[in-house]
Amino acid sequence: KHGTRGTFYAHASVGCLHVRPVLNMKTEQGARAMRAIAEEACALVREYKGSYSGEHGDGLVRSEWIERVYGARLTRAFGEIKQAFDPKGLMNPGKIVAPPKMDDRGLFRFKPGYATLELDTALDWSAHAPGAPDPSRGFAAAVEMCNNNGHCRKFDAGTMCPSFRATRDEKDSTRGRANSLRLALSGQLGENALTSDAMYRTLELCVSCKGCRLECPTGVDMARMKIEFLHHYHKRHR
């Protein structure tokens with residue numbers, strides 16, 4: 001109906017359905033489609049007396065829909081409890097109580113006007129952006145595969161991410177490196193941020209173990225990105 005496709009998976013034991021529409025959130029059309037799908041999903045949840053957030057928190061994405069599901073009286077009660085225990089609104093502002101609109105593009109990772117630098121890449125990244133007119137777009141798309149799920153911060157199993165496990169510093173996680181690269185590629189860290197010494201320090205503890213490539217839910221390959229980064233860093237600093 002909305003001209004998109006998606007992935008669907010579930011926990012049958014508790015009737016928890018995950019719906020992941022594939023949307024281009026860099027465009028106004030993508031934001032409108034997300035809004036329309038969310039409104040219709042919320043209506044279905046109400047009809048079948050379910051939980052809109054399932055096993056997850058409401059957060060910035062779903063808090064807007066709380067009143068539709070729980071009603072005005074309970075929503076006011078949530079606000080009264082929040083006021084009683086957190087009168088200055090310091091804890092998780094915008095969550096549950098007084099939430100923003102879920103399609104407020106000012107809160108998006110890809111804000112209006114988002115664009116990335118053109119690069120003469122050393123490696124072939126075309127698989128990440130097939131058919132893109134700008135060949136460097138593939139590298140940016142590979143970096144943007146990080147969706148901030150934080151799997152690289154886990155300690156309970158697997159390999160990812162050994163340097164973060166040692167330092168406990170966000171910049172040494174796969175997510176921290178990917179976010180730094182994304183912000184640099186989109187000009188949000190200033191001129192020449194991609195080849196700066198600060199970026200070198202962010203990437204230097206990546207041991208190229210490929211744990212992220214195998215264990216990250218979206219297959220972020222930081223080892224390969226580090227190769228690309230080092231090419232541009234040494235090209236500038238020689």
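Between Phe108 and Tyr114, the distance separating the two ring centers is not shorter than 6.0 angstrom. Taking the six-membered ring for Trp and the full ring otherwise, the centers of Phe139 and Phe229 sit at least 6.0 Å from each other.
Ring geometry, Phe155 versus Phe164: the interplanar angle falls from 30° to 60°, so the pair is classed tilted.
Here Glu215 contributes atom CD and Cys209 contributes atom SG; the two are 8.0 Å apart, rounded to the nearest 0.5 Å. Rounding to the nearest 0.5 Å places OG1 of Thr195 at 12.0 Å from CG of Leu230. Rounding to the nearest 0.5 Å places CD1 of Ile81 at 11.0 Å from CD1 of Ile96. Atoms CZ and OG, on Arg236 and Ser196 in that order, are 7.5 Å from each other to the nearest 0.5 Å. Here the CG atom belonging to Asn147 is positioned 10.0 Å from the CZ atom belonging to Arg175, to the nearest 0.5 angstrom. Taken from CG in Leu189 to CG in Leu181, the straight-line distance is 9.5 Å, to the nearest 0.5 Å.
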Could you go through His151 and Cys216, starting from their C-alpha distance and side-chain angles, then the distance that decides it, and tell me whether this counts as side-chain contact (heavy atoms from CB on, under 4.5 Å)? CA-CA 6 Å; His151 195 82; Cys216 173; 5.8 Å; no
Kindly indicate, with the supporting measurements, whether the criterion side-chain contact (heavy atoms from CB on, under 4.5 Å) is fulfilled by Arg201 and Glu204. CA-CA 5 Å; Arg201 290 191 295 273; Glu204 68 177 339; 4.0 Å; yes
Using side-chain contact (heavy atoms from CB on, under 4.5 Å), reason through Glu144 and Phe110 one step at a time and then give a plain yes or no. CA-CA 10 Å; Glu144 292 162 4; Phe110 306 119; 3.8 Å; yes
Evaluate Cys146 against Arg182 for side-chain contact (heavy atoms from CB on, under 4.5 Å), listing each step before the verdict. CA-CA 9 Å; Cys146 174; Arg182 176 176 55 81; over 6 Å; no
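Surrounding OH of Tyr48 are at most 12 heavy atoms belonging to other residues, nucleotides or ligands under 6.0 Å away. Open room surrounds CZ on Arg46; 12 or fewer heavy atoms of other groups in view lie less than 6.0 Å from it. Counting heavy-atom neighbours within 6.0 Å of Arg109 CZ, excluding the residue itself, gives a total above 12. By the 6.0 Å contact criterion, CD on Glu55 is enclosed, its count of non-hydrogen atoms from other residues, nucleotides or ligands being greater than 12. The local environment of NZ in Lys101 is sparse, with at most 12 non-hydrogen atoms from other residues, nucleotides or ligands closer than 6.0 Å.
Looking only at side-chain heavy atoms (C-beta outward), Leu119 and Leu185 come within less than 4.5 Å of each other. Inter-residue side-chain proximity for His237 and Asp197 is flagged as met; some heavy-atom pair is nearer than 4.5 Å. Side-chain contact between Thr4 and Ile37: present, with at least one pair of heavy atoms (C-beta onward) separated by less than 4.5 Å. The side-chain heavy atoms of Met225 and Val220, taken from C-beta on, include a pair separated by under 4.5 Å. For the pair Trp65 and Val45, the minimum side-chain heavy-atom distance is 4.5 Å or more.
Scanning all heavy atoms of the two residues, the minimum distance from Val61 to Met102 falls at O-CB, 3.3 Å. The minimum heavy-atom distance between Arg177 and Leu205, with the atom names listed, is NH2-C, 3.5 Å. For the residue pair Cys206 and Met222, the shortest heavy atom distance occurs at SG-CG, 4.1 Å. Counting all heavy atoms, side chain and backbone alike, Arg105 lies closest to Lys26 at NH2-O, 3.1 Å. Here the closest heavy-atom approach between residue Leu23 and residue Ala33 is recorded as CD2-CB, 3.8 Å. Of all heavy-atom pairs spanning Met199 and Leu194, the tightest one is CG-O, 3.5 Å.
Of the possible polar contacts, one joining the Asp86 side chain to the Met91 backbone as a donor-acceptor pair under 3.5 Å is found. Of the possible polar contacts, none joining the Ser63 side chain to the Leu60 backbone as a donor-acceptor pair under 3.5 Å is found. The backbone N or O of Met160 sits less than 3.5 Å from a side-chain atom of Arg165, completing a donor-acceptor pair. Within the 3.5 Å criterion, the main-chain N or O of Asp172 finds a donor-acceptor partner in the side chain of Ser163. Between the side chain of Arg137 and the main chain of Ala129, no donor-acceptor pair closer than 3.5 Å is present. The backbone N or O of Thr121 lies less than 3.5 Å from no partner atom in the side chain of Glu228, so there is not a single donor-acceptor pair. Put simply, the side chain of Tyr52 never gets that close to the backbone of Ala41: no donor and acceptor are under 3.5 Å apart.
Between Glu40 and Lys1, at least one side-chain N (NZ, or NE/NH1/NH2) sits under 4.0 Å from a carboxylate O, which counts as a salt bridge. Salt bridge Arg76/Glu80: absent, no basic N to carboxylate O contact under 4.0 Å.
Inspection of the His2 and Gln29 side chains reveals no N or O donor paired with an N or O acceptor under 3.5 Å.
Transitive grouping of hydrophobic side chains (ILVMFWY, heavy atoms separated by less than 4.5 Å) keeps Ile66 and Leu107 in distinct clusters. Residues Leu74 and Val97 fall within the same hydrophobic cluster, defined by Ile, Leu, Val, Met, Phe, Trp and Tyr side chains chained together at heavy-atom separations under 4.5 Å.
Both the sub-6.0 Å distance and the 45° axial angle are satisfied by Arg224 relative to the ring of Trp125.
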